[in-house]
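This report refers to the structure that appears directly beneath it.
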Amino acid sequence: MNNILFAITKGEVGGAQKFVKEQIDITSTFFNVHLCTNEEGWLSKQCTNNIKGYLFNKQIEGKSSLLFLLDLYKYIKKNKISLVITNSANAGFYGRLAAFFAKVPSCYITHGWSSVYNGGKLSGILNFIEKLLSTISNIVICVSDNDYQIAINKIGIAPAKLQVVKNAIFPIISKASPFKKNEPFKVIALARFAKPKRIDLMVKAFKNLPNFQLHIAGDGYELKYWQEYIEVNKINNVILLGEVASFNQFDNYNAFLLISDSEGLPISAIEAMSAGLPLILSNVGGCAELVNANGLLVDNTVDDIVKAIFRVQIEQYEMAAKSLQLYNQHYNLNNNINKYVSTYLQLIIPN
């Protein structure tokens, strides 16, 4: 069996990590799978039974570590890696360079172009670096049509290097509790308490909705601030759950909310779809590709969010049924395994 290496900058709980975890699950039948990330954590623990080898190195979090690049190159050569699959900006930088020097193919899966969304004044330089890296990549996989258009029109990547393979996940097996009578309309958000997520807009919207509840599952450096803000302002209908590994309680909720300044094709929203929840998503990135009569897109304003919640409350059953239908049509990994495996095989064994 060929050896392949998945690389991602951080092994903490997150959408891209969830994607990598399930990619490891489906490819371990066909390949010997290795994992490179910053440290032991959620991802490595979830994949223990399917991983043949690990490379943990916190220097992957930095932007210019020659020592880590050399370490990764040596790992690829020592373990006879046949394909390097990278899933985040830093991992994409180091992984593609190391694969190039080791003369093995590489695949970069972009979960939203951080060089565009989060580059700030350095966006021009970072986009140019992405363009250069694409020339030594065998393929760049975009998880949304929006990311594909950005790759061509803003970054300048050659179309021949690009392919769109939209995110797909296994359906969520819920461990929900039965609804109690007379419960309020409950909304769930899965989000890190950090940019680009707009915790401020979500909390302030529900401050105006005392008869509704918002539960937010996630960790991050802003969590303590929002805990104190909610306590001081006595916002009793916003409940912060903290980090919940492998969240699977969607059936406890009436709708899913994601408010953000930038997104690729959010895994958390696809998880909610698999559980049959209506979606309320910011109209950014690839979010529009997930909404088709199964929820609403909103501008990032408190007023727009409040209006959307009222409308979803009225239409929740129709939207819920449509969410599940769309998930099974387009985003169910059970129906897409061959798409990923065949892509990886073609890189290792070209036609």
Measuring only between side-chain heavy atoms, which start at C-beta, is [X] closer than 4.5 Å to [Y]?
| X | Y | answer |
| --- | --- | --- |
| E12 | R192 | yes |
| F212 | Q313 | yes |
| F30 | I4 | no |
| S268 | F247 | no |
| L290 | I270 | yes |
| I152 | P159 | yes |
| Y54 | E40 | no |
| T86 | F93 | no |

Distance in Å, [X] [atom1] paired with [Y] [atom2], rounded so as to fall on 0.5 Å steps:
| X | Y | atom1 | atom2 | value |
| --- | --- | --- | --- | --- |
| I155 | W113 | CD1 | CH2 | 4.5 Å |
| E130 | S114 | CD | OG | 6.5 Å |
| Q249 | I172 | CD | CD1 | 11.0 Å |
| N328 | N335 | CG | CG | 7.0 Å |
| S323 | L279 | OG | CG | 4.0 Å |

Does [Y] offer a backbone N or O that forms a donor-acceptor pair with the side chain of [X] under 3.5 Å?
| X | Y | result |
| --- | --- | --- |
| N138 | C107 | no |
| Y253 | L277 | no |
| Y94 | S64 | yes |
| Q316 | A255 | no |
| N90 | K63 | no |
| N237 | F206 | yes |
| S137 | V140 | no |
| Q163 | I139 | no |

Are side-chain N/O atoms of [X] and [Y] paired as donor and acceptor at under 3.5 Å?
| X | Y | value |
| --- | --- | --- |
| N79 | N3 | no |
| Q23 | Y344 | yes |
| S106 | R96 | no |

Are more than 12 heavy atoms, taken from residues, nucleotides or ligands other than [X], located less than 6.0 Å from that residue's [atom1] atom?
| X | atom1 | answer |
| --- | --- | --- |
| F100 | CZ | no |
| K166 | NZ | yes |
| N153 | CG | yes |
| K195 | NZ | no |
| F128 | CZ | no |
| Q329 | CD | yes |

Pair listing, side chain to side chain donor-acceptor pair (under 3.5 Å) test, anchored in residues 196-208, at least two apart
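Qualifying pairs, neighbours excluded: K197-E263, R198-D200, R198-D261.
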Flag the pair E318 and K322 as a salt bridge only when some basic side-chain nitrogen lies within less than 4.0 angstrom of an acidic carboxylate oxygen.
no
Reference residue H34; test ring-ring contact (aromatic ring centres under 6.0 Å, His included); the match among F6, F56, Y75
Y75
Set of residues satisfying salt bridge (Lys or Arg N to Asp or Glu O under 4.0 Å) with respect to D299, sequence neighbours excluded
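Here no residue qualifies.
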Of L265, I267, N167, N336, the residue whose pairing with Y331 passes side-chain contact (heavy atoms from CB on, under 4.5 Å):
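Between Y331 and the candidates, side-chain contact (heavy atoms from CB on, under 4.5 Å) is satisfied uniquely by L265.
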Among L126, I125, L122, which one satisfies side-chain contact (heavy atoms from CB on, under 4.5 Å) with S115?
L126
